[in-house]
Amino acid sequence: MEVGLTHFLVLSAILFSLGIFGIATRKNAIMVLMSLELIMNSANINFVVFSRFGNFQIEGQVFALFVMILAAAEVAIALAIVLNIYQNFRHVNVDEIKDLKG
Amino acid sequence: MLQKPPNQNKKIKKNKIMETLSIVFYLFAFIVVVSAMGVVFSRKLMYSAFSLLFTFFGVAGIYAILNADFLAVLQIMIYVGGILVLIVFGVMLTSRVTDVDIITGGTGRTIYISSGIFATLMLILLIFMYTTVNWGTIPITEYKDTTLDLIGLTLLTKYVLTFLIAAILLLIAFIGAAFIARKGN
């Protein structure tokens, strides 16, 4: 069977569902960040696939480039926040950090 | 005539390329799916981080199959060289005792099962959508030599403003990250 558009889309769907599952089940903030990276990668695969098989020339790849830039910025900020949380709470469990709760 | 006509020869060659391509695709897809499952299901945080390495490499291979050579290189440079190193540092800095393996600590069983059902439903819905919708695309088989010059041209003409804004955003984000992560904040 020839590899076509659908194969890549199904692959990215599997990656996306795994990322959603990881975000929903894990308590550790860094684990949530890793699952977020999985989701971003699946979105990126979709961009590149439609750039090759769709009628968009190169713009899908350019957009995937911007997604990568945003992912780098997001991870830098998020890890800084996680380090700060660790200094204050001595753990990074996202469900136990509720000091802002009224 | 012993020799085949050149047209048929070309077609056989093309078929062979497509066959190799699908083998390579299934190999990389297998790597991506298995290592992503390793990221999500492994109990130790460090194992997840190392699994993520293989996921990123697999996705880079998928980009290479899709004629996005520049993006494949960038994926390895940015994700493996930058983001993964940051994540590994984050794992090491937020563990109390380095000798003890950090258990990622799952939530309760109900949340585990319900989010599993939710993720599976989402997967089924997405696959149903992807396989039934007619995307109206034309199959492309020929490969360009490189997409680098085209990407550079597009970035510096049509999307030059977006490019500059992304550069400034990255600068601001890194300054902000350094500021937030300072000790005694």
Side-chain angles (χ1 to χ4, degrees), chain A residues 1-11 13-18 20-22 24-28 30-31 33-35 37-38 41 44-45 48-49 51-55 57-59 61-62 64-66 68-69 71-73 75-77 79-84 86-87 90 92-93 95, chain B residues 18 21-22 25 29 32-33 36-37 39-40 45 48-49 52 55 59 62-63 66-68 71 74 78 82-83 86-87 90-91 93-94 104-107 111-112 115-116 118-119 122-123 126-127 130-131 135 137 139-140 147 150-151 154-155 159 162 166 169-170 173-174 176-177 180-181 185:
Chain A
M1 193 171 167
E2 198 174 298
V3 172
L5 176 70
T6 319
H7 290 72
F8 292 98
L9 290 180
V10 166
L11 175 69
I14 293 171
L15 215 53
F16 183 80
S17 316
L18 281 172
I20 287 283
F21 182 76
T25 52
R26 290 316 170 98
K27 284 202 291 190
N28 196 302
I30 294 176
M31 196 60 225
L33 273 182
M34 284 194 237
S35 306
E37 291 305 318
L38 287 186
N41 265 307
N44 252 352
I45 288 178
V48 179
V49 165
S51 144
R52 176 155 173 76
F53 291 101
N55 293 323
Q57 300 301 314
I58 200 72
E59 270 148 23
Q61 293 191 21
V62 173
L65 193 67
F66 287 126
M68 277 186 190
I69 294 172
V75 162
I77 293 284
L79 276 175
I81 292 173
V82 165
L83 284 188
N84 244 345
Y86 182 73
Q87 281 176 10
R90 296 279 117 192
V92 284
N93 293 341
D95 56 340
Chain B
M18 292 312 287
L21 209 62
S22 49
F25 167 75
V32 167
V33 170
M37 282 171 120
V39 171
V40 177
L45 205 51
S48 296
L52 202 60
T55 314
V59 173
I62 296 287
Y63 289 162
L66 287 169
N67 196 8
L71 273 188
L74 267 194
I78 294 179
I83 291 177
L86 267 180
I87 285 177
V91 171
L93 285 176
T94 56
T104 47
T107 38
I111 291 179
Y112 213 81
S115 54
F118 180 72
M122 183 164 265
L123 177 66
L126 277 177
I127 288 179
Y130 286 153
T131 46
W135 298 102
T137 57
I140 303 165
T147 55
L150 206 52
I151 287 179
T154 318
L155 268 183
Y159 294 106
T162 328
L169 173 94
L170 210 56
F174 286 148
I180 292 172
N185 201 339

What's the shortest heavy-atom distance between [X] and [Y], and which atoms?
X	Y	answer
B:Ile78	A:Ala72	CG2-CB, 4.4 Å
A:Met34	B:Leu45	CE-O, 3.9 Å
B:Thr94	A:Tyr86	O-CE1, 3.4 Å
B:Leu86	A:Ala76	CD1-CA, 4.2 Å
A:Leu79	B:Gly90	CD2-CA, 4.0 Å
B:Ile127	A:Ala13	CG1-CB, 4.3 Å

Could you tell me which of [options] has the largest number of non-hydrogen atom pairs under 4.5 Å with chain B?
options	value
A:Leu18, A:Leu15, A:Thr6	A:Leu18
A:Asn41, A:Leu5, A:Val62	A:Asn41
A:Val10, A:Leu38, A:Ile20	A:Leu38
A:Val48, A:Val92, A:Leu83, A:Val75	A:Val48

Interface moiety of [X] toward chain A, non-hydrogen atoms closer than 4.5 Å:
X	value
B:Tyr130	both
B:Leu93	both
B:Thr131	both

- prompt: Are the side chain of A:Arg26 and the backbone of B:Val40 linked by a donor-acceptor contact shorter than 3.5 Å?
  reply: yes

Are the side chain of B:Asn67 and the backbone of A:Arg52 linked by a donor-acceptor contact shorter than 3.5 Å?
no

Find the distance between [atom1] ([X]) and [atom2] ([Y]) and round it off to the nearest 0.5 Å.
X	Y	atom1	atom2	value
A:Ile45	B:Tyr63	CD1	OH	5.5 Å
B:Ile87	A:Leu33	CD1	CG	6.0 Å
B:Leu123	A:Phe21	CG	CZ	12.5 Å
A:Met68	B:Leu74	CE	CG	5.5 Å
B:Thr147	A:Gln61	OG1	CD	4.5 Å

### Task
Walk me through it: do A:Asn44 and B:Val59 pass the test side chain to side chain contact (heavy atoms under 4.5 Å, CB included)?
CA-CA 9 Å; A:Asn44 252 352; B:Val59 173; 6.0 Å; no

Please identify, among B:Thr55, B:Leu155, B:Leu169, the residue contributing the most non-hydrogen atom pairs under 4.5 Å to chain A.
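Among B:Thr55, B:Leu155, B:Leu169, the one with the most close pairs to chain A is B:Leu155.
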
Exercise. Just wondering, do B:Tyr159 and A:Glu59 contact through their side chains at under 4.5 Å, heavy atoms?
Worked result: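 Yes, at least one pair of side-chain atoms sits under 4.5 Å.
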
Q: Examine whether an atom of A:Leu65 lies under 4.5 Å from a heavy atom of chain B, and if so say whether it belongs to the side chain, the backbone or both; otherwise answer neither.
A: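 For A:Leu65, heavy atoms of backbone and side chain both lie under 4.5 Å from chain B.
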
Honestly, the part of A:Phe16 sitting under 4.5 Å from a heavy atom of chain B is side chain

